[in-house]
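Working notes, beginning with the structure itself.
None of the values given here were measured: they were computed from a predicted structure. Any value given below was found using the heavy atoms of this structure, including those in side chains, with hydrogens, waters and symmetry copies removed.
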Amino acid sequence: MAGTRARTLSDLVDVDFPLFAFSHCRDVVAAVSRAGGFGVLGGAGFTPEQLETELTWLDGAVNGRPYGIDILVPERSRTEPGLDLAGLSDLIAPEYRDFVTRILRDHDVPPPDRSTDSRMPGSLPEVGDAYLEVAFRHPIGLVVNALGTAPDFMFERARERGIPVAALVGAKEHAIKQVRAGVDLLVAQGSEAGGHCGEVSTMVLVPEVIKAIAPIAPVPVLAAGGIMTGRQMAAAMAMGAAGAWTGSVWLATPESEVSDSLRRKLIDASSRDTVRSRYRTGKFSRQLRSAWHDIWESDDSPDPLPMPLMGLLTRPAMEAIDRAAEAGNPKARGLQTYYVGQGVGLVDGVRSCARIVHEFITDFAEAVLDLRSRL
């Protein structure tokens, strides 16, 4: 694969059914890969040491099936390079910490002990470099950069090992830039998606990206954003996508990382209960709307900090909120939020990852047969 550009998805990855599952939980990744899809672990929430543990576990849990890793390495960092955790923390003005402390106090949430958290933000280039050092010691089948153009060191090390490089894009201009940089696989992620996303809907973005890159190179495109069923996957592939990239559909599974209280909120939510907000990471990301957003959007709140400072500020608070909610604090439950797309409105209960993969395959086949009969 090194030195050439693959023409089809099957040239790049070994997958029975082109359903890609992004998750921060290794159990979801393993279950989807074993079921015939392709699990991708979101690595940005771990330390490099924790990531080593997660990938070692996955190596033995996927039963020889392929899996990948997704990291966050932006093109530019808005902080000085080389700062340690204390140096980064010092860049957060006291008014921001006071504001978060007040939110927690008003909702009877015990404040987090920040002194015990040694995790550097996963969006820093030096942390991304460390992630890759770990990842390339394992038999990963794909490496994905979710913020901006993949850095040169990612391309170089992946090429040496014959591992394809993928990137998430939210606009055709970004797709063109990624393909010219040498990316092997694109994920066209519409505004419906959970997490960091742009403003263009999936239905528009996918064909727009495919058309824009066609004169440059034959790079396969996965559709992402709001895809929760096999019929939606079939619709995306009818537009020219090579497969589907999913995330929100796995959150209500028993294998996922979310707590029981948060899982219930996700099941109860409608497609209108999400919001694109900067009040979690500093960049726009789609999340489950909660009292957290209402407070931050009030007139007396400070403006969001840039990435990675906003995440450094909010991560311990969110973990404290989740602990309090799980312990039965209703005020904390009102603050609970998570990265989730508008497809959350299609989540109506708890189903295993294997069952969801099976339902995707069945729904996809039925959609193709229905379309064929109508033609």
Please tell me if the side chains of [X] and [Y] come closer than 4.5 Å, counting only heavy atoms from C-beta onward.
{"X": "Tyr131", "Y": "Leu51", "value": "yes"}
{"X": "Val144", "Y": "Ile69", "value": "no"}
{"X": "Lys283", "Y": "Arg278", "value": "no"}
{"X": "Val340", "Y": "Val347", "value": "no"}
{"X": "Trp245", "Y": "Val40", "value": "yes"}
{"X": "Asp294", "Y": "Arg289", "value": "yes"}
{"X": "Pro139", "Y": "Asp59", "value": "yes"}
{"X": "Arg97", "Y": "Leu313", "value": "yes"}

Q: Applying side chain to side chain contact (heavy atoms under 4.5 Å, CB included), run through Lys177 and Glu173 and close with a yes or a no.
A: CA-CA 6 Å; Lys177 186 176 181 181; Glu173 295 82 6; over 6 Å; no
Under the 3.5 angstrom rule, does the side chain of [X] hit a backbone N or O of [Y] as a donor-acceptor pair?
{"X": "Thr274", "Y": "Gln287", "answer": "no"}
{"X": "Ser33", "Y": "Arg65", "answer": "no"}
{"X": "Gln342", "Y": "Gly225", "answer": "no"}
{"X": "Asp363", "Y": "Gln232", "answer": "no"}
{"X": "His358", "Y": "Ala354", "answer": "no"}
{"X": "Glu199", "Y": "Ser191", "answer": "no"}
{"X": "Ser298", "Y": "Ile295", "answer": "yes"}
{"X": "Thr246", "Y": "Phe20", "answer": "yes"}
{"X": "Asp184", "Y": "Val165", "answer": "yes"}
{"X": "Thr337", "Y": "Ser290", "answer": "no"}

Can you tell me how far the [atom1] atom of [X] sits from the [atom2] atom of [Y], to the nearest 0.5 Å?
{"X": "Thr362", "Y": "Phe360", "atom1": "OG1", "atom2": "CZ", "answer": "11.5 Å"}
{"X": "Gln336", "Y": "Leu266", "atom1": "CD", "atom2": "CG", "answer": "9.0 Å"}
{"X": "Thr56", "Y": "His138", "atom1": "OG1", "atom2": "NE2", "answer": "4.0 Å"}
{"X": "Arg161", "Y": "Glu156", "atom1": "CZ", "atom2": "CD", "answer": "11.0 Å"}
{"X": "Arg374", "Y": "Leu369", "atom1": "CZ", "atom2": "CG", "answer": "11.5 Å"}
{"X": "Trp250", "Y": "Cys353", "atom1": "CH2", "atom2": "SG", "answer": "5.5 Å"}

Q: Check the pair Asp370 / Ser373 against side-chain hydrogen bond (donor to acceptor under 3.5 Å, both in side chains), numbers first and verdict last.
A: CA-CA 5 Å; Asp370 285 350; Ser373 68; 4.9 Å; no
Q. Between Ser261 and Glu326, does a side-chain hydrogen bond (donor to acceptor under 3.5 Å, both in side chains) hold up when you go through it step by step?
A. CA-CA 6 Å; Ser261 60; Glu326 195 67 1; 3.0 Å; yes
Can you name the nearest heavy-atom pair linking [X] to [Y], along with the distance?
{"X": "Gly148", "Y": "Gln178", "result": "O-NE2, 2.9 Å"}
{"X": "Ser256", "Y": "Arg263", "result": "OG-NH2, 3.4 Å"}
{"X": "Phe99", "Y": "Ser301", "result": "CZ-CB, 3.5 Å"}
{"X": "Gly349", "Y": "Ala252", "result": "O-CB, 3.9 Å"}
{"X": "Ala244", "Y": "Leu222", "result": "N-CD2, 4.2 Å"}
{"X": "Glu297", "Y": "Tyr279", "result": "CG-CE1, 4.0 Å"}

Q | Check against side-chain hydrogen bond (donor to acceptor under 3.5 Å, both in side chains), Thr101 and Asp98 | A | CA-CA 5 Å; Thr101 298; Asp98 293 343; 5.3 Å; no
How about [atom1] on [X], more than 12 heavy atoms from neighbouring residues, nucleotides or ligands closer than 6.0 Å, or not?
{"X": "Met239", "atom1": "CE", "value": "yes"}
{"X": "Asp299", "atom1": "CG", "value": "no"}
{"X": "Lys265", "atom1": "NZ", "value": "yes"}

(Q) Please verify the inter-ring angle class for Trp292 with Trp296; under 30° counts as parallel, over 60° as perpendicular, anything in between as tilted. (A)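 Answer is tilted, since the angle falls between 30° and 60°.
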Q.
Does the plane of the ring in Phe364 sit parallel, tilted or perpendicular to the ring in Phe17? Use 30° and 60° as the thresholds.
A.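 Ring orientation, 0 to 90° scale: perpendicular.
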Q) Below 4.0 angstrom, N of the basic side chain to O of the carboxylate: do Asp106 and Lys331 qualify? A) no
(Q) Taking the basic N atoms (NZ, or NE/NH1/NH2) and the acidic carboxylate oxygens, is any pair closer than 4.0 Å for Glu52 and Arg137? (A)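 Yes, Glu52 and Arg137 are salt-bridged.
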Q: Measure from NZ or CZ of Arg286 to the centre of the six-membered ring of Tyr339 and say whether it is under 6.0 Å with the direction within 45° of the ring axis.
A: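 Negative - Arg286 is either too far from the ring of Tyr339 or too far off its axis.
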Q) Do we get Arg276 above Phe284's six-membered ring, with its NZ or CZ under 6.0 Å from the centre and within 45° of the axis? A) yes
Q: Evaluate the salt bridge (Lys or Arg N to Asp or Glu O under 4.0 Å) criterion for residues Glu133 and Arg157: first the C-alpha distance (whole Å), next the side-chain angles of each, then the deciding distance (0.1 Å), finally the verdict.
A: CA-CA 9 Å; Glu133 287 286 348; Arg157 297 179 190 179; 3.2 Å; yes
Q: Dump the intermediate steps for side chain to side chain contact (heavy atoms under 4.5 Å, CB included) on Val344 and Asp273, then the final yes or no.
A: CA-CA 8 Å; Val344 69; Asp273 292 330; 5.6 Å; no
Same cluster or not: [X] versus [Y], using hydrophobic residues (I, L, V, M, F, W, Y) connected whenever any side-chain heavy atoms lie under 4.5 Å apart?
{"X": "Ile140", "Y": "Leu58", "answer": "yes"}
{"X": "Val219", "Y": "Val169", "answer": "yes"}
{"X": "Phe22", "Y": "Phe38", "answer": "yes"}
{"X": "Met203", "Y": "Met237", "answer": "no"}
{"X": "Met318", "Y": "Met310", "answer": "yes"}

Q: Would you please test Ile213 and Val221 for side chain to side chain contact (heavy atoms under 4.5 Å, CB included) and show each step?
A: CA-CA 10 Å; Ile213 67 170; Val221 176; 3.8 Å; yes
Q. Can you list the steps and then say if Arg355 with Glu359 is a salt bridge (Lys or Arg N to Asp or Glu O under 4.0 Å)?
A. CA-CA 6 Å; Arg355 180 178 171 185; Glu359 289 175 353; 2.9 Å; yes
Q.
Could you go through Phe136 and Ile163, starting from their C-alpha distance and side-chain angles, then the distance that decides it, and tell me whether this counts as side chain to side chain contact (heavy atoms under 4.5 Å, CB included)?
A. CA-CA 9 Å; Phe136 289 145; Ile163 299 171; 3.6 Å; yes
